[in-house]
Amino acid sequence: MDMKSVESKWQAKWEKSKINVFNKKNADKKMYVLEMFSYPSGSKLHVGHWYNYGPTDTYARFKKMQGYELFQPMGFDAFGLPAENYAIKTGIHPKDSTEKNIETMERQLKNMGAMFDWSAEMVTCEENYYKWTQWLFLQLYKKGLAYRKEALVNWCPSCETVLANEQVIGGECERCGSIVNRKDMTQWFFKITEYAEELLDCLDDLDWPEKTKLMQKNWIGKSTGCEIQFECETGDIINVFTTRPDTVFGVNYVVLAPEHPLAEKFKQVHPENADAIAEYVQKASESNDIDRLSTTREKTGVFTGAYATHPLTGKKLPIYLADYVLYSYGTGAVMAVAAHDERDYAFATKYNLPITQVIQKKGGETVLPFCEDGILVNSGSFDGLPSDEARDAIAVHLTKIGKGGKKINYRLRDWSVSRQRYWGAPIPMIHCEKCGVVPVPEKDLPVKLPYDVEFRPSGKSPLASHEGFMNCTCPNCGGKAKRDPDTLDTFVCSSWYYLRYPDAHNDKQAFSTEVADKMCPVDVYVGGSEHACMHLLYARFITKALRDMGYLHFDEPFKRLVHQGIILGPDGNRMSKSHGNVISPDVYVDEYGSDIFRLYLMFGFSYTEGGPWNDDGIKSVAKFTERVERLVRKSTEESKTGVTEMRAQEKALNYAKHYAIKCITRDAEVFSFNTSVARIMEYVNALQKYDAEVTDKNVAFYKEAIEDLIRMFAPFAPHFSEELWEITGHKSSVFEETFPLVDEQALVKDEVEYAVQINSKIKAKMMIAQGLSDEEMQAIVCQNPEIAEQIAGKTVRKCIIVKGRLINLIVG
RNA sequence: GCCGCUGUGGUGGAAUAGGCAGACGCAAGGGACUUAAAAUCCCUCGGAGUAACAUCCGUGCCGGUUCAAGUCCGGCCAGCGGCACCA
């Protein structure tokens, strides 16, 4: 079969018949299958795209044939740094290169033959999309979930730009390899932390990979403890957070992060230490994250000269600045318990500070630092309590005396969304000298991204130097004002796109609540696991925020999530240009066609595992389809015989068919494509056997068996199967057929092969009739000559029977 | 350092729920057809052992539970992924 022409023939037919377009009338049977949309950076689809989209489309087609109304849209995540980098390198405008790339990728995606509903296509860099991204920003702002603050951001000194967290690879700039440092900048943030608890709670009920849920859980990083107040000699209160209030009687000193505002005050109160403090703060601010966060680095710090009072003992405690305390977590201050914390212990040892043991190991010698739970000592009235009880008792006591109490902290930080970049959605905010920060009125959206912008890096937002863009009038007072020069993180664009697809042409709203409630959440979402703590978390947050504003009435965007594995280069490394191990799908698609390539991806790998690329098997997959084609063509030449009864051969083939249907129905549901294909191969083997061995075929039965083969093969090799369907005399599409249903009756065999064991070792195999009692079965087994010989003269003490599988005689 | 996942033939990978390890393929070897090759079809294919059976060993390693362990438990080793001074 000439796959190339067959594929284009059916793609044209599908487009004409609109078979891939979602039919709103059947929305009550909807099945929303979504692949993570692609980034139009390169000009071609790579193996990763194929591996994500090909098998997932097979799943989608399978669901369609099960009677669901399929919605499988595709679009492009078109804003972002790669296009801008490309522009900086080549001078080609991001808009131009992106549009060109999208054109190429659309063509390639269509050639893949996936059931994408292109009528719902959308592109995030187009005005009719980013207008609504800006609208989303305004809603969050109105709700108090978008705010501006000064914060430390990742700054690449050579590219002169802020980098997103994911662009900082091991502390280095992804683009140029320079060491990233931190810079104080005023940025827009989304208050994702307000949803920390719910984001954590709802994980339990999601049908997501456990690993991904765990990653999000760790990322959110809930820790339960206590906030404790230490009064400072200046009258200031130092609040510290601890998960170990049971060790509070062992506090030896208090540590503040170098960025803590009190550092400045201590310089004035203790001028004798001012120079040392200033020097230390300066040094800390210069050090980069690689150094700062290294756990192996020797602890450093400086004494401020100031003291704080222990809230329970009244003891005077020296206050230190040390960069092992992070300003961004908790309160930026820590109570140091040298005896029971490794870091405090190291610091105390280095600076010769006292070490007070307050926890004793249960039933053993306590070696300091002892960081586990134990029994309290030297802790006043709390002596003798075990750590867990003491934590509670001390928290209660602190609350009573007004010096602290229980507190929950999260590792999760608010989401920084400002980017000093050109190729993104402009932040719809105006800065007015009189009125301050003023949101752009919704009627004025979109704030258009101008084309003629100097996007080469200059350390400022490219938009800042575009007068036409920057100058505007204040919507509040009508006076002169400036626009916000930053653009939104592209993750903002992708945090809500799944809501837009079902209502992609709505020009009045981002989406209608009615449509979103009907079509969402996404039933099955498929994409890479690298998005676990970014996109997948952001989308969940935005969904919950929109729900709380009344725009949605569900809690989670993606009911079920599947990650495809990664196809590595043949050398076992990740494919990359620098490794020189990139495999182009085009070569294979050109030679074998898209169905064969997809089929091989499904058959050759375990879908969620992936693995090193190896094309050894692709030829065999092509041969398999040729075998199927021969079989089908030959079957059309069979003319009716008088045979209509179901003889042993027909029953055997019928069993093979229904066994295949049963297994595939189960396996395809859980994305186990390799075993699904294996079962189809087995069924084809059974058909071939029947064809070769039975001369007086039951033709009506055989033809039905062949048609069922085509039906079950259709989701896996769509163009090929359409062609076969036509060859067998059908005018309509095979995708209007129902996926074959299993007949459990056909799977009931008269007799089943049992493995017969004596003392758990296999001694024989026997066909045993179904429906016998245990006693009858045992009797039959014992009559078997081989078995009888081996148990002669011995007593059968026990007989274990596993129905349909084995019989184990325990003899002694 | 902490958390998690994964270790199965020459190879990709199978193995509901503790029940015949290696499904389905690839590669390899042998054979049929052919002048020949390709294609196709048939046979063998974890290791040791045997003339052939028998038998023994075998799912990273060491123990354990069980009539029965790739699967459960305990302890290691290796690889991968995530987090990493989070108080």
Side-chain angles (χ1 to χ4, degrees), chain A residues 209-219 221-223 225-226 228 240-245 247 255 257 289 292-297 299 322-326 328-337 340-344 346-347 371 409-413 529-530 532-533 566 568 572 600 603-606 608-609 611-621 623-624 626-627 630 663 666-667 670 672 674-685 688 692 753-765 797-812:
Chain A
E210 287 304 319
K211 193 181 163 181
T212 307
K213 293 204 266 186
L214 191 68
M215 274 165 76
Q216 285 207 353
K217 195 179 158 190
N218 292 339
W219 187 263
K222 180 178 182 175
S223 57
C226 230
I228 304 177
V240 307
F241 174 74
T242 179
T243 53
R244 293 295 303 273
T247 65
V255 198
D289 270 13
R292 171 91 187 248
L293 297 176
S294 161
T295 47
T296 52
R297 192 173 62 128
K299 304 272 174 287
D323 66 2
Y324 77 90
V325 172
L326 305 176
S328 52
Y329 181 77
T331 60
V334 154
M335 63 176 214
V337 184
H340 305 294
D341 181 280
E342 279 178 27
R343 297 152 300 184
D344 299 339
F347 191 85
C371 308
N409 249 316
Y410 300 92
R411 210 189 66 99
L412 185 70
R413 312 282 158 78
S529 60
E530 67 274 16
C533 295
I566 299 167
L568 304 167
Y600 176 61
F603 183 59
F605 302 85
S606 161
T608 52
E609 297 295 314
W613 173 257
N614 177 330
D615 61 9
D616 277 356
I618 193 162
K619 207 172 248 171
S620 73
V621 171
K623 281 183 187 170
F624 172 68
E626 283 163 21
R627 214 160 84 222
R630 278 198 302 274
C663 292
R666 183 194 61 206
D667 292 356
V670 294
S672 180
N674 52 352
T675 52
S676 298
V677 176
R679 296 293 92 82
I680 292 172
M681 288 174 167
E682 280 171 354
Y683 179 44
V684 169
N685 291 342
Q688 277 191 315
E753 190 188 67
Y754 276 80
V756 183
Q757 300 181 330
I758 296 175
N759 289 339
S760 306
K761 298 226 163 177
I762 293 176
K763 295 293 171 186
K765 294 195 176 177
R797 290 187 310 185
K798 203 172 166 190
C799 177
I800 295 153
I801 295 177
V802 182
K803 276 270 147 43
R805 289 186 179 267
L806 67 75
I807 300 170
N808 188 5
L809 299 171
I810 310 300
V811 300

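Excluded from the calculations below are hydrogen atoms, water molecules and symmetry mates; all remaining heavy atoms, backbone and side chain alike, are included. A note on names: the letters A, B, ... follow the listed sequences, proteins ahead of strands, and every chain is numbered from 1.
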Output the single nucleotide from G25(B), C26(B), A23(B) whose closest atom is nearest the side chain of D616(A). C26(B)
Under a 3.5 Å limit on both distances, the Watson-Crick or wobble mate of A48(B) is U55(B)
Quantified in whole Å, what is the C1' atom distance between nucleotide G18(B) and nucleotide G12(B)? 27 Å
What's R627(A) touching, base or sugar-phosphate or nothing? Going by heavy atoms closer than 4.0 Å. sugar-phosphate
With a 3.5 Å distance limit and no angle check, can you tell me whether N808(A) reaches the backbone of S760(A) through a side-chain donor-acceptor pair? yes
Scanning all shown strands, the Watson-Crick or wobble mate of C41(B) with both distances under 3.5 Å is G31(B)
Tell me: CD of E530(A) to P of G82(B), nearest whole Å? 10 Å
What is the separation between atom NZ on K623(A) and atom P on U40(B), rounded to the nearest whole Å? 5 Å
Determine: side-chain N/O of N674(A) to OP1/OP2 of C24(B), distance under 4.0 Å, yes or no. no
The side chain of N218(A) lies closest to which of these nucleotides: G19(B), C3(B), A23(B)? C3(B)
Checking base pairs now: Watson-Crick or wobble, both atom distances under 3.5 Å. What partners G1(B)? C83(B)
Nearest-0.5 Å distance that lies between atom CZ in R244(A) and atom SG in C371(A): 7.5 Å
Over how many whole Å does the gap from Q216(A) atom CD to C83(B) atom P extend? 12 Å
With a 3.5 Å cut-off and just heavy-atom distances, do the side chain of R630(A) and the base of U40(B) make a donor-acceptor pair? no
5' priority, RNA chain B, between G332(A) and C533(A) [closest heavy atom]: C533(A)
Taking only the side-chain heavy atoms of K211(A) (C-beta and beyond), determine which of G4(B), C20(B), A23(B) contains the nearest atom. G4(B)
Say we look at G10(B) and C5(B): how far apart would their C1' atoms be, to the nearest angstrom? 27 Å
Side chain of A755(A) only, please: which of C85(B), C24(B), C20(B) is the nearest? C20(B)
Side-chain donor or acceptor of D341(A) paired with backbone N/O of D344(A) under 3.5 Å: yes
Quick one: label K619(A) by what it contacts on the DNA or RNA (base, sugar-phosphate, nothing), any heavy atom closer than 4.0 Å. nothing
Given U16(B), G13(B), G25(B), the nucleotide with the shortest approach to the side chain of S606(A): G13(B)
Base paired to G18(B) (Watson-Crick or G-U; both N/O distances under 3.5 angstrom): none
Tell me if the side-chain of R244(A) makes a donor-acceptor pair with the base of A87(B), cut-off 3.5 Å, by modelled atom types. no
With rounding to whole Å, what would you report as the distance between G9(B) and G46(B) at their P atoms? 13 Å
Students often get this wrong, so: under 4.0 angstrom with heavy atoms, is E626(A) touching a base, only sugar-phosphate, or nothing? nothing
Nucleotide opposite U6(B) in a Watson-Crick or G-U pair, distances under 3.5 Å: A78(B)
Can you tell me, in whole Å, how much space there is between the C1' of A38(B) and that of C33(B)? 12 Å
Side-chain N,O (T675(A)) to OP1/OP2 (A15(B)) below 4.0 Å: no
Rounding to the closest angstrom, what is the interatomic distance between A48(B) and C3(B) at atom C1'? 43 Å
Is N685(A) touching bases, backbone alone, or none of the nucleic acid, heavy atoms closer than 4.0 Å? sugar-phosphate
Chi-angle category of G25(B) [syn within 90° of 0, anti beyond]: anti
Go through the side-chain N and O atoms of N674(A) and S606(A) and say whether any donor and acceptor fall under 3.5 Å apart. no
Round to the nearest Å and state the distance from K217(A) atom NZ to C2(B) atom C1'. 14 Å
When rounded to whole Å, the CH2 to C1' distance for the pair W219(A) and G4(B) reads 16 Å
Distances for protein N or O near nucleotides 64-71 of chain B N or O, under 3.5 Å:
{"residue": "C67(B)", "atom": "O2'", "partner": "S760(A)", "partner atom": "OG", "Å": "2.3"}
{"residue": "C67(B)", "atom": "O2", "partner": "N808(A)", "partner atom": "ND2", "Å": "2.6"}
{"residue": "A68(B)", "atom": "O4'", "partner": "S760(A)", "partner atom": "OG", "Å": "3.3"}

Answer yes or no: does atom NZ of K619(A) have more than 12 heavy-atom neighbours from other residues, nucleotides or ligands under 6.0 Å? no
Of the options C20(B), C83(B), G13(B), whose atoms approach the side-chain atoms of R411(A) most closely? C83(B)
From NZ (K217(A)) to CZ (R411(A)), nearest 0.5 Å: 14.0 Å
Compare side-chain N and O positions of Y329(A) against OP1 and OP2 of A87(B) and report whether any pair is under 4.0 Å apart. yes
To the nearest 0.5 angstrom, please state how far the OG1 atom of T212(A) sits from the CD atom of E530(A). 10.5 Å
Between A51(B) and A39(B), how far apart are the P atoms? Round to whole Å, please. 38 Å
Earlier contact from the 5' end, RNA chain B, for T242(A) and Y600(A): Y600(A)
Expected output: side-chain N759(A) to main-chain V811(A) donor-acceptor under 3.5 Å: yes
Same-atom distance (P) from C20(B) to A69(B), integer angstrom: 11 Å
Would you mind classifying the nucleic acid contact of L806(A) as base, sugar-phosphate or nothing, using non-hydrogen atoms under 4.0 angstrom? base
Same-atom distance (P) from G74(B) to G79(B), integer angstrom: 23 Å
Send over the distance from I762(A) CD1 to G58(B) P, rounded to a whole Å. 15 Å
Return the nearest nucleotide to the side chain of L214(A); candidates are A14(B), G4(B), G25(B). G4(B)
Can you tell me how far C1' of A23(B) sits from CG of D667(A), to the nearest Å? 11 Å
For F624(A), which contact category applies under a 4.0 Å heavy-atom criterion: base, sugar-phosphate, or nothing? nothing
Tell me: NZ of K763(A) to C1' of C53(B), nearest whole Å? 14 Å
With side chains defined as the heavy atoms from C-beta onward, is the minimum distance between I800(A) and Q757(A) less than 4.5 Å? no
Testing the 3.5 Å rule here: is there a donor-acceptor pair between the side chains of S223(A) and N409(A)? no
Atom pair CZ (R627(A)) and CG (N685(A)), whose distance is rounded to the nearest 0.5 Å: 5.0 Å
